[in-house]
Amino acid sequence: MSDDANRALLERSLAAVWHPCTQMKHHEQMPLVAVSRAEGVWLYDFEGRRLLDGVSSWWVNLLGHANPRIVAALKTQLDTLEHVMLAGFTHEPVVELSERLAKLAPGRLGHCFYGSDGASAIEIALKMSFHFWQNSGKPKKNRFVTLANGYHGETIGALSVTDVPLFRTTYETLLRKSTQVPSPDSRLAEPGESPADYARRCARVLEAHLEQYAGDTAALILEPLVQCAGGMAMHDAEYLRRARALCDRFEVHLIADEIAVGFGRTGTLFACEQAKIAPDFLCLSKGLTGGYLPLSVVMTTDTVYAAFYDDRLARGFLHSHSYTGNPLACRAALAVLDILEQDEVIAANRRLAARINRRCEALRHHPQVKHFRNTGMIWAFDVADAAPGFAQDFYRRAIEAGVLLRPLGNTVYWMPPYIIDDEGIELLVGTVEKLLSA
Ligand SMILES: *Cc1c(COP(=O)(O)O)cnc(C)c1O
């Protein structure tokens, strides 16, 4: 494609496509990037220039673009069954995926309910928890407790349990009230206080809240180990252990939103494993299909399932999406699970993360770098004295240097596909260093 043709495509996009999470007017200054194809960790534009995908295309791509094994599985599925409704019907990929996820997930989460994206999984978990208590003769348990700075998606129900002002403030009057308890974000610990001590202090606030309001509370919802959209805020697993114990003691569900952190992102297949706990509801999406097709799932227990099992229709969980359990998406997810297992990706990631950390030794001590942090395959730091417009400026300059990085406010982070190699690491970390010093 010529430069002219590329420019024409960008103009047509701005005229016809309303881009997500974007003030469209900013594109008067900030050029869109048209991607013609992608392979491995690289996105190619129409001029043959390549960009390193430092954020896994919004955290979804685990195993690289155009991964031949996922592509082959999808092609076979496409020739067999592309879609059938899941109400009254079933098919091999959805059964196999549900069985395999149940074996892999912590605890006994033997029942899978499917949605199409992360926000729909959150809607499902909230409605299911509420309906469970209703079916169990406790209709007053209809409130949700969330962590400060938590993010669970942007549909109205999911936004009601999200605490990121940028997404929430405008829509406040549309939302149902939820209660925020302090985030165990390790950066907020007092000097001399360990992350685990701070987690215990935060858990005491949760305890005090539940002591008073458990009778009105359906569930606590949280992002285990890393609050991603809220600025890659990381906490000690101790908080999850305490939260689980408190939810048990006060008869409140624990909803683990592992939409961003599931499938190895934090160093274990699921983040909850690091606290040796199991939630009552586990929400998964993003990495579930390796970034190939939209799919989400809410996994839950026999106890929850049994409360809906009845002769009366209205006691059933009456929720559906047209593409629930789409066979192509389930097939992609099965291919991802195959690769994670066959290539021992979680173990390989530990070595990969160690290499990346070694490359970050100088960056970690850069005078502008505050709270350098890493969990599994997520790295982040805050930039001291960031100028207004820092995030957009950094994003633009990173693209010019050949790397896709999209800071959250003054937090620079990267969470690359698990197949990044030394050349990619060098370009990624080297570019961050260069941009900070410029
Ligand atoms: C991305 C995300 C969601 C929402 O998922 P969408 O597919 O964007 O609707 C929910 N929770 C967390 C933790 C996320 O990172």
Side-chain angles (χ1 to χ4, degrees), residues 18-22 55-62 113-129 144-164 166-168 171 175 178 180 183-185 219-235 239-240 243 254-266 270-272 279 281-299 319 321-324 326 329 332-333 336 375-378 380 406-409 411 413-415:
W18 198 335
H19 292 268
C21 204
T22 299
V55 299
S56 298
S57 289
W58 253 352
W59 320 344
V60 299
N61 190 295
L62 304 183
F113 194 101
Y114 290 89
S116 320
D117 49 41
S120 64
I122 299 300
E123 303 285 343
I124 289 162
L126 298 176
K127 282 176 68 179
M128 217 181 242
S129 171
F144 296 99
V145 180
T146 75
L147 299 191
N149 195 38
Y151 176 93
H152 302 288
E154 292 162 56
T155 55
I156 291 175
L159 196 55
S160 294
V161 291
T162 285
D163 184 43
V164 178
L166 174 67
F167 300 122
R168 187 182 165 101
Y171 306 103
L175 307 179
S178 61
Q180 277 72 51
S183 165
D185 178 352
L220 165 69
I221 180 167
L222 49 73
E223 297 160 87
L225 296 187
V226 188
Q227 295 182 297
C228 291
M232 301 299 160
M234 299 178 185
H235 59 254
Y239 189 80
L240 303 175
L254 177 61
I255 303 174
D257 177 354
E258 295 218 20
I259 288 166
V261 297
F263 301 101
R265 205 33 100 172
T266 64
F270 299 108
C272 282
F281 299 91
L282 178 63
C283 300
L284 303 170
S285 186
K286 291 204 167 92
L288 173 59
T289 66
Y292 282 69
L293 285 160
L295 182 69
S296 63
V297 61
V298 178
M299 303 180 67
H319 185 102
H321 297 283
S322 315
Y323 283 93
T324 295
N326 174 258
V336 168
T375 299
M377 286 295 291
I378 307 174
R406 211 167 180 271
L408 298 157
T411 298
Y413 78 90
W414 59 90
M415 46 198 286

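No experiment lies behind these values; they were computed from the predicted model shown. Whatever order the structure lists ligands and atoms in, that order sets their numbers, starting from 1.
- In Tyr323, the OH atom is not crowded: 12 or fewer heavy atoms of neighbouring residues, nucleotides or ligands sit closer than 6.0 Å.
- The CG atom of Leu222 sits 7.5 Å away from the SG atom of Cys272 when rounded to the nearest 0.5 Å.
- In this structure, Met234 and Ile378 have side chains that are in contact, with non-hydrogen atoms separated by less than 4.5 Å.
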Are any protein N/O atoms closer than 3.5 Å to the N/O atoms of ligand 1? If there are, list each pair with names and the distance to one decimal place.
unit_1   : atom_1 : unit_2 : atom_2 : d
ligand 1 : 7 (O)  : Gly118 : N      : 2.8
ligand 1 : 9 (O)  : Ala119 : N      : 2.8
ligand 1 : 11 (N) : Asp257 : OD1    : 3.4
ligand 1 : 11 (N) : Asp257 : OD2    : 2.7
ligand 1 : 15 (O) : Lys286 : NZ     : 2.6

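- What you find for Ala271 and Val261 is that their closest heavy atoms are CB-CG2, 3.9 Å.
- Smallest separation of non-hydrogen atoms from Val336 and Gly290: CG2-N, 3.4 Å.
- When every heavy atom of Ile122 is checked against every heavy atom of Asp257, the shortest pair comes out as CD1-OD2, 3.5 Å.
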